[in-house]
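Below is one structure, written out as structure tokens; comments come after it.
The figures that follow rest on heavy atoms only: side chains count, while hydrogens, waters and symmetry mates do not.
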Amino acid sequence: MKKGDLIKWTDYKGDEPISHIGLLIKKLNMAMVDGVTAQWNDLLILCDGKYVRWTSWQCEVING
């Protein structure tokens with residue numbers, strides 16, 4: 001994955017999977033673990049006009 005790639009992330013927590021598409025802005029430092037939820041998110045993504053953090057191993061590059 002590289003800056004500018006279109007990335008797909010699928011949320012499987014609900015009854016039906018929901019896919020999200022976003023633009024990879026940058027890779028984050030792996031040491032950035034959320035102290036409250038203990039989740040680590042190593043990608044900064046622009047999705048639906050908002051900046052969000054996703055975990056790379058849950059994502060798929062969908063360019064071209």
I need the minimum non-hydrogen distance between [X] and [Y], along with the two atoms involved.
X     : Y    : result
Asn63 : Leu6 : OD1-N, 2.7 Å
Lys2  : Asp5 : N-OD2, 2.8 Å
Leu23 : Gly4 : CD1-O, 3.2 Å

Nearest-0.5 Å distance, NE2 of residue His20 to CH2 of residue Trp9:
5.0 Å

State the CG-SG distance between Leu24 and Cys47, to the nearest 0.5 angstrom.
12.5 Å

Is Ile25 close to Lys3 at the side-chain level, that is, under 4.5 Å between some pair of heavy atoms?
no

Please answer: with hydrophobic residues joined when any side-chain heavy atoms are less than 4.5 Å apart, are Leu44 and Ile7 in the same cluster?
no

Would you kindly confirm whether Val61 and Val52 end up in one hydrophobic cluster when ILVMFWY residues are joined by side chain heavy atoms under 4.5 Å apart?
yes

Looking only at atom types and distance, does a side-chain atom of Asp42 sit under 3.5 Å from a main-chain N or O of Ser56, one as donor and one as acceptor?
yes

Side-chain donor/acceptor of Lys27 to backbone N/O of Met1, under 3.5 Å
yes

Would you please test Trp54 and Asn41 for side-chain contact (heavy atoms from CB on, under 4.5 Å) and show each step?
CA-CA 5 Å; Trp54 292 352; Asn41 299 294; 5.6 Å; no

